[in-house]
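In what follows, a single structure is set out as structure tokens and then discussed.
This one's a predicted model, so the numbers in the text were calculated from it and none came from an experiment. Letters go in sequence order (proteins before strands), and every chain restarts at 1.
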Amino acid sequence: MSSKVRDERIAKLDLLRKRGVSPYPTRFAVTHSCGAVLSNFETLEREETVVSLAGRLVSKRKHGKASFGHIQDRSGRLQLYFRQDTLGAELYELLTMLDVGDVIGVSGAVFRTKTGEFTAKVETLELLSKSLRPLPEKWHGLRDVETRYRQRYVDLIVNEEVRETVVARSRIIKSIRNFLDAREFIEVETPVLQPLYGGAFARPFVTHHEALNMRLYLRIADELYLKRLMVGGLERVYEIGKDFRNEGIDRTHNPEFTQLELYQAYADYTDMMVLLEDMVFEIVTELFGEPSCQYGEHRLDFSKPWRRLSYFEALRERLGVELADATVEEVRSLCEKTGIDVDAVLAREKPGAEKRPKSRGGGPPGGTSRSDIDTPLARERLLEELFSEAVQPYLIQPVFVCDYPKEISPLAKQKAGHPGLAERFEPIVAGFELGNAFSEQNDPLAQARQFDLQALHREGGDAEAQPKDLDYLRALEYGMPPAGGIGVGIDRLTMVLTNSRSIRDVILFPHLRPEASLGEEGEAGGDD
RNA sequence: GACCCGUUAGCUCAGUCGGUAGAGCACCUGCCUUUUAAGCAGGGAGUCGCUGGUUCGAUUCCAGCACGGGUCACCA
């Protein structure tokens, strides 16, 4: 599939070279960005300053011996006015050989057109990079999401909001660093390639080290390494980095994603709530000038303090039933009333188990086998399902959901005076879990028992149960100060703060299957 | 992994109840010195996602496959 436009432009390349014009020179001295011209226009116009701009030619309107166009750089767009009598015949001829999409450098003074648009009257013109492929069309732009994700470079050229999201993401991360650095946290880096994975419930990616001939895992969390640093006395650490989870992909999940994890010695999870709400308050205020923003239909209010709600309170509030001391039978019957397919939930993650179709909102499933509720953690799993189906989607304003069942929180400390609960919370905004935090378990023997329990679950078929990390336990035996820790999903936080519906809109290159049609001869060939 | 939907020109999309396709923008040629979705006149452009099947004939019908989106499953 040879593109006619591409062939024409390659022909132009030769023509340009024959005329002594290099289509790919090395540098251009820029004095102003488009944005700087626009924001200082009055002065520049009054003082007749000659500005020097570089960017992409994104439109061109030729009127015989005069032409208009727009140049676009990182800061915005500015109109250019070209006149044959100003440029001279030779440069004006060069203009006619330029295409929309070419990168150019121009200089000239600024003025206002009849209609009042700020414009540069071009006196010199230079081609900085010849574009061989046409840009998407100017009215509708690039809509096709597959092309947008695969060819993000094109998406960035034509869809301004993509750039805005990228900038917002950068500012969010910068705010986080500023916030934590100001509180004497130090930023560290821990291994991505790990001989043993841990710190979350997830299936890992597996890789292999050739020279050492050993299996390695891509980390699913930073947690266990950062807590080793707590043992080492660093007291306040954080890491912003990629984690990798071998799971499905949807609008809130990408196989590689960015997480902030931080740990603070001598703090507990209530301190973490304060820290997190302070941090997010600061990020949102820096981004929007006020502690609130719009997400879809909702106006989100990040004013402090955020609402705090225990796990069982949240369930009670939504379902009208107290479940803290409920038996598995009671939870089961409530699930059935809510329309949850209990058998399907309990059958999950058992390799080889039949996946039953889910029947939502239907009547109670007939002839169900009661033996399923003997599955390990049946009660907790059903509670989790109830929570994520019937509660979480309705938690729109920022809220800390606290005190989860201990069984699903093996790295957290037990809540004092509540044997069944862990000192753990999840910040939930717009129905999304933005993170996970606990008072960290620092009792080495209690932690060892939790690992052993995980091992049992693993034998029971739970592929995501956490492996026992003996070095981590050894570290704890040296004594880890009491500490609070938080993990925050940066991608999801960015989604909420940029009003993005899909995680793919906040990740520059989201994971996609390989593009089959991108063959040598089709796209990249014809190197003439 | 399951189900549903989509894939036609560089881009955004029509269309063919089965007879190998159109529009706008973009591109090329000409005219045009304040336009901005510039205008006017003319022109070129497509393996209709891929592979099979049915058929005299398939871009259209059928099947499989690929890729994407949505929902579900899994999870953060």
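- G141(A) comes within 4.0 angstrom of the backbone, heavy atoms only, and of no base.
- A sub-4.0 Å separation between OP1 or OP2 of rG68(B) and a side-chain N or O of R150(A) is present.
- When the C1' atom is used for both rG6(B) and rC56(B), the distance is 32 Å, rounded to whole Å.
- Residue contacts for F82(A): at a heavy-atom cut-off of 4.0 Å it reaches no nucleic acid atom on any strand shown.
- Neither OP1 nor OP2 of rG70(B) sits under 4.0 Å from any side-chain N or O of R251(A).
- Residues satisfying the salt bridge (charged side-chain N to carboxylate O under 4.0 Å, His left out) criterion with R17(A), sequence neighbours excluded, are absent altogether.
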Distance-only donor-acceptor hits, side chain of residues 153-162 of chain A, under 3.5 Å, sequence neighbours excluded:
residue	atom	partner	partner atom	Å
Y153(A)	OH	Q151(A)	NE2	3.4
D155(A)	OD1	R148(A)	NE	2.8
D155(A)	OD1	N159(A)	ND2	2.6
D155(A)	OD2	R148(A)	NE	3.3
D155(A)	OD2	R148(A)	NH2	3.4
D155(A)	OD2	R152(A)	NH1	2.8
N159(A)	ND2	L142(A)	O	3.2

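- Between R133(A) and rG10(B) there is no side-chain N or O to OP1 or OP2 distance below 4.0 Å.
- Separation of the P atoms belonging to rC3(B) and rA14(B) is 27 Å when rounded to the nearest angstrom.
- A heavy-atom distance below 4.0 Å to RNA chain B is reached by none of the residues of residues 392-413 of chain A.
- Whole-Å rounding puts the I157(A) CD1 to rG10(B) C1' distance at 14 Å.
- Cation-pi geometry between R245(A) and F205(A) is not met: the NZ or CZ atom fails to fall both under 6.0 Å from the ring centre and inside 45° of the normal.
- Checked by atom type, the side-chain pair R424(A)/N436(A) shows a donor-acceptor distance below 3.5 Å.
- Taking atom C1' in both rC65(B) and rG57(B), one finds a spacing of 25 Å when rounded to whole Å.
- For E385(A), whose side chain is taken as the heavy atoms from C-beta onward, the closest listed nucleotide among rA73(B), rG68(B), rU33(B) is rA73(B).
- Applying the salt bridge (charged side-chain N to carboxylate O under 4.0 Å, His left out) test to K227(A) and every residue at least two apart in sequence or in another chain returns E223(A), E440(A).
- Nucleic acid contact class of R61(A) (heavy atoms, under 4.0 Å, all strands): base.
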- Query: How does RNA chain B look in dot-bracket form if you count Watson-Crick and G-U pairs under 3.5 Å, write [ ] for pairs that cross, and put | where a base pairs with another strand?
  - Reply: (((((((..((((.....[..)))).(((((.......))))).....(((((..]....))))))))))))....
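- Taking for each of H511(A) and I503(A) the nucleotide of RNA chain B with the nearest heavy atom, the 5'-most of the two is the partner of H511(A).
- Residue-level contact check: Q259(A) touches neither bases nor backbone, having no heavy atom under 4.0 Å from any strand.
- Across all strands, N254(A) comes closer than 4.0 Å to base atoms (heavy-atom distances).
- Comparing rG43(B) with rC5(B), their P atoms sit 42 Å apart, to the nearest whole Å.
- Following rounding to the nearest Å, D505(A) (CG) and rG68(B) (P) show an atom-to-atom distance of 15 Å.
- Nearest to the side chain of F68(A), among rG69(B), rU35(B), rA73(B), sits rU35(B).
- Set against rG69(B), rU33(B), rG70(B), the side chain of L512(A) has rG69(B) as its closest nucleotide.
- Other residues, nucleotides and ligands contribute only 12 or fewer heavy atoms inside 6.0 Å of the CZ atom of R501(A).
- Residues passing the salt bridge (charged side-chain N to carboxylate O under 4.0 Å, His left out) test with E187(A) are R177(A), sequence neighbours excluded.
- Side-chain atoms of D85(A) and base atoms of rU33(B) include a donor and an acceptor less than 3.5 Å apart.
- R6(A) has its CZ atom 18 Å from the C1' atom of rC11(B), to the nearest Å.
- For D99(A), the side-chain contact (heavy atoms from CB on, under 4.5 Å) partners two or more places apart in sequence, or in a different chain, are R9(A), K12(A), D102(A), K130(A).
- Judged by distance alone, the side chains of Y149(A) and D505(A) do bring a donor and an acceptor atom under 3.5 Å apart.
- Nucleic acid contact class of R83(A) (heavy atoms, under 4.0 Å, all strands): base.
- Distances shown here put a side-chain N or O of R504(A) below 4.0 Å from the OP1 or OP2 atom of rG69(B).
- Here the nucleotide nearest the side chain of L142(A), chosen from rU35(B), rU34(B), rU12(B), is rU12(B).
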- Task: Summarise how protein sits on nucleotides 24-30 of chain B as a single string, 5' to 3': B when a protein heavy atom is under 4.0 Å from the base, S for sugar-phosphate-only contact, - for no contact.
- Result: BBSSS--
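- Of the P atoms belonging to rA2(B) and rG49(B), the separation is 24 Å, rounded to the nearest Å.
- Annotation: side chain to side chain donor-acceptor pair (under 3.5 Å) contacts of T113(A) (sequence neighbours excluded): T115(A).
- In this structure, the side chain to side chain donor-acceptor pair (under 3.5 Å) partners of R19(A), at least two apart in sequence or on a different chain, are E93(A).
- Taking atom C1' on both rC17(B) and rA58(B), the two are 14 Å apart, rounded to the nearest angstrom.
- Distance H70(A) NE2 to rU35(B) P: 13 Å, rounded to the nearest Å.
- No hydrogens or angles were tested; on distance alone, nothing pairs the side chain of E117(A) with the base of rU34(B) as donor and acceptor under 3.5 Å.
- Note on ring orientation: taking the six-membered ring where Trp is involved, the planes of Y81(A) and F68(A) are parallel (angle under 30°, cut-offs 30° and 60°).
- When the C1' atom of rG1(B) is taken as reference, atom CD1 of I249(A) falls 13 Å away, rounded to whole Å.
- When heavy atoms are screened at a 4.0 angstrom cut-off, D491(A) is found touching no nucleic acid atom at all.
- Remark: P of rG10(B) and CG of D155(A) are 19 Å apart, rounded to the nearest angstrom.
- If you look at F400(A) and Y269(A), their ring centroids are not closer than 6.0 Å.
- rU54(B) sits 23 Å from rA21(B) when the C1' atoms are compared, rounded to a whole Å.
- On the P atoms, rU71(B) is 23 Å away from rU8(B), given to the nearest whole Å.
- The nearest heavy atom of RNA chain B to T119(A) and to P136(A) marks one nucleotide each, and the one closer to the 5' end goes with P136(A).
- Distances were taken from every side-chain heavy atom of T113(A) (C-beta onward) to each of rU34(B), rG69(B), rU33(B); the shortest belongs to rU34(B).
- Under the rule for a side chain to side chain donor-acceptor pair (under 3.5 Å), Q84(A) has no partner lying at least two apart in sequence or in another chain.
- Taking the side chain to side chain donor-acceptor pair (under 3.5 Å) definition, one finds that R150(A) meets it with E146(A), sequence neighbours left out.
- Here Y149(A) lies in heavy-atom contact (under 4.0 Å) with sugar-phosphate atoms only.
- Within 4.0 Å (heavy atoms only), F244(A) reaches no atom of the nucleic acid at all.
- At a threshold of 4.0 angstrom between heavy atoms, the contacts of G489(A) with the nucleic acid are absent.
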